[in-house]
Asks: 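Once you've had a glance at the structure underneath, I'll fire off some questions.
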2 protein chains.
Amino acid sequence: MSNEIENLCAKKGVRLTDQRKLIAKVMAESEDHPDVDELHKRVTKIDNKISIATVYRTVKLFEEAGIVSKHDFKGNKSRYEQAPEEHHDHLIDINTGEIIEFVNEDIEKLQNEVAEKLGYKLVDHRLELYGSKIKK
Amino acid sequence: MSNEIENLCAKKGVRLTDQRKLIAKVMAESEDHPDVDELHKRVTKIDNKISIATVYRTVKLFEEAGIVSKHDFKGNKSRYEQAPEEHHDHLIDINTGEIIEFVNEDIEKLQNEVAEKLGYKLVDHRLELYGSKIKK
DNA sequence: ATAATTGCAAATGCTTTGCTTGTGA
DNA sequence: TCACAAGCAAAGCATTTGCAATTAT
């Protein structure tokens, strides 16, 4: 009955309230990258007393605990996804808003090389591709 | 007496007011990536009647005309730079906030390949590296 | 002349926060 | 029990906008 996010909360000593459990559940079941409003809509279907402030507080809490990842794509409000096992980047369909995840080791390696060459240790990065579907 | 940005405005049919000339001048002379507040501070030193609303309107106008580029780095307000001749990406020093520009053709090429492989035409992208200086 | 631009202040949209009541460990 | 969390409404912050006065062409 418990999900990955709940397990991580327990492990990290994050107190599990009904609201947090519900938000965790909804996030764990989301295949997309919902924003706070969308999350609030989804949890409200199950418990209509949860306030949007709680959703804001909870995603922030989860993010700080490394349980979820936050993304600020161009021109949108912040969107969230369960923190992935392995890093990936995103391609955003500029027509539909659809988000496709991808991994490219070569780019990752080159990023490290670039940073190093400039005298920096790479701590974090952001790579987003914006494109339109090629019709066949 | 006129700068690159003023020339571009003329070419694009953007009406040149005193305020816009001044903002163009300040942007053209900026080596860094100032935000709107900082731009407002800089123009105010020369003309203290310019309102922040005008700065907002002007950077937006310039951006839509392709004259300046807007960047939303992590955790900061929007920052602007004169639109570069040739594309570059940014490395942000997470300790000082300093921004270093770089170009890497290999990464650019790989981005196109990734998009293509996913069935997309790459229209735009965002690549930001966040790092800390390696002390020697 | 007159359509576009400015300055000001008010409005917006997303997010955070203070405070009182409620609750998980 | 009691420190912490939730709900609500108010505040915050960056940015946008309505409107009357001003200005570039």
Side-chain angles (χ1 to χ4, degrees), chain A residues 1-2 5-26 33-44 46-65 67-80 97, chain B residues 1-2 5-7 9-26 33-41 43-44 46-65 67-80 97:
Chain A
M1 208 45 229
S2 73
I5 296 181
E6 278 193 33
N7 294 339
L8 284 167
C9 285
K11 192 186 297 176
K12 308 225 176 194
V14 170
R15 185 189 262 183
L16 271 173
T17 63
D18 288 345
Q19 293 88 336
R20 289 180 184 171
K21 279 183 200 161
L22 184 47
I23 294 166
K25 176 180 149 73
V26 166
H33 300 67
D35 59 33
V36 167
D37 256 342
E38 180 58 32
L39 283 171
H40 185 235
K41 268 183 208 145
R42 294 182 192 177
V43 298
T44 297
I46 307 174
D47 173 355
N48 69 353
K49 299 178 295 307
I50 292 188
S51 77
I52 189 108
T54 295
V55 181
Y56 271 106
R57 280 192 272 237
T58 302
V59 292
K60 188 174 208 185
L61 177 78
F62 285 178
E63 201 216 341
E64 282 162 357
I67 296 171
V68 310
S69 302
K70 173 183 178 180
H71 301 292
D72 291 284
F73 300 126
K74 287 192 184 190
N76 287 293
K77 27 193 166 168
S78 296
R79 303 173 64 153
Y80 297 83
Chain B
M1 210 45 230
S2 72
I5 296 181
E6 278 194 33
N7 294 339
C9 284
K11 193 187 296 178
K12 308 226 176 191
V14 169
R15 185 187 256 180
L16 271 174
T17 63
D18 287 347
Q19 291 87 335
R20 289 182 183 170
K21 280 184 199 161
L22 184 46
I23 293 166
K25 175 180 151 72
V26 166
H33 299 68
D35 60 32
V36 167
D37 256 342
E38 180 58 33
L39 282 172
H40 186 235
K41 266 183 209 145
V43 298
T44 297
I46 307 174
D47 174 354
N48 69 354
K49 300 177 295 307
I50 292 187
S51 77
I52 189 107
T54 296
V55 181
Y56 271 107
R57 280 191 273 237
T58 302
V59 291
K60 188 174 207 185
L61 177 79
F62 284 179
E63 201 216 341
E64 283 162 357
I67 296 171
V68 310
S69 301
K70 174 184 177 179
H71 302 292
D72 290 285
F73 300 127
K74 288 192 184 188
N76 287 294
K77 27 192 167 168
S78 296
R79 304 173 64 154
Y80 296 84

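Residue numbers begin at 1 in each chain, while the letters A, B, ... track the order of the sequences. Reckoned from all heavy atoms, side chains included, excluding hydrogens, waters and symmetry mates.
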Asks: Does the side chain of B:Gln19 reach to within under 4.5 Å of the side chain of B:Thr58, using non-hydrogen atoms?
Replies: no
Asks: Rounding to a whole Å, what distance do you find between A:Lys21:NZ and D:dA5:C1'?
Replies: 14 Å
Asks: To the nearest Å, how far apart are A:Asp37 CG and C:dT16 P?
Replies: 13 Å
Asks: Whole angstroms only, please: what is the CG-P distance between B:Leu16 and D:dT22?
Replies: 22 Å
Asks: Tell me whether the side-chain N/O atoms of B:Ser78 come closer than 4.0 Å to OP1 or OP2 in D:dA14.
Replies: no
Asks: Using the salt bridge (Lys or Arg N to Asp or Glu O under 4.0 Å) rule, collect all pairs that involve residues 47-63 of chain A, keeping only residues at least two apart or in two chains.
Replies: A:Asp47-A:Lys49
Asks: Would you say A:Lys60 places a side-chain N or O within less than 4.0 Å of OP1 or OP2 belonging to C:dT16?
Replies: yes
Asks: Please confirm whether the shortest side-chain N or O distance from A:Tyr56 to OP1 or OP2 of C:dT15 is below 4.0 Å.
Replies: yes
Asks: Would you mind reading off the distance between B:Lys70 atom NZ and D:dT15 atom C1', rounded to a whole angstrom?
Replies: 9 Å
Asks: To the nearest 10°, let me know how far the axis at one end of the helix from C:dA1-D:dT25 to C:dA25-D:dT1 is tilted from the axis at the other, five pairs an end.
Replies: 40°
Asks: Go through the steps to decide whether B:Val59 and B:Val36 satisfy the test side chain to side chain contact (heavy atoms under 4.5 Å, CB included), and finish with yes or no.
Replies: CA-CA 8 Å; B:Val59 291; B:Val36 167; 4.1 Å; yes
Asks: Has A:His40 got a side-chain atom pairing as donor or acceptor with A:Ile50's backbone, closer than 3.5 angstrom?
Replies: yes
Asks: Rounded to whole Å, please give me the gap between NE2 in B:His40 and C1' in D:dT15.
Replies: 14 Å
Asks: List the atom of A:Ser78, the atom of A:Lys70, and the distance in Å for their closest heavy-atom pair.
Replies: OG-CE, 3.2 Å
Asks: Using side chain to side chain donor-acceptor pair (under 3.5 Å) as the criterion, list what pairs up with B:Lys77, not counting sequence neighbours.
Replies: B:Asp37
Asks: With A:Arg79, which residues qualify under salt bridge (Lys or Arg N to Asp or Glu O under 4.0 Å), at least two apart?
Replies: none
Asks: Who are the side chain to side chain donor-acceptor pair (under 3.5 Å) partners of A:Lys12, not counting sequence neighbours?
Replies: none
Asks: C:dT12 P sits how many Å from A:Lys77 NZ, rounded?
Replies: 16 Å
Asks: Counting primed atoms plus P, OP1 and OP2 as sugar-phosphate and everything else as base, spell out the protein contacts along nucleotides 1-8 of chain C at 4.0 Å heavy-atom distance: B, S or - for each nucleotide, 5' to 3'.
Replies: ---BSBBB
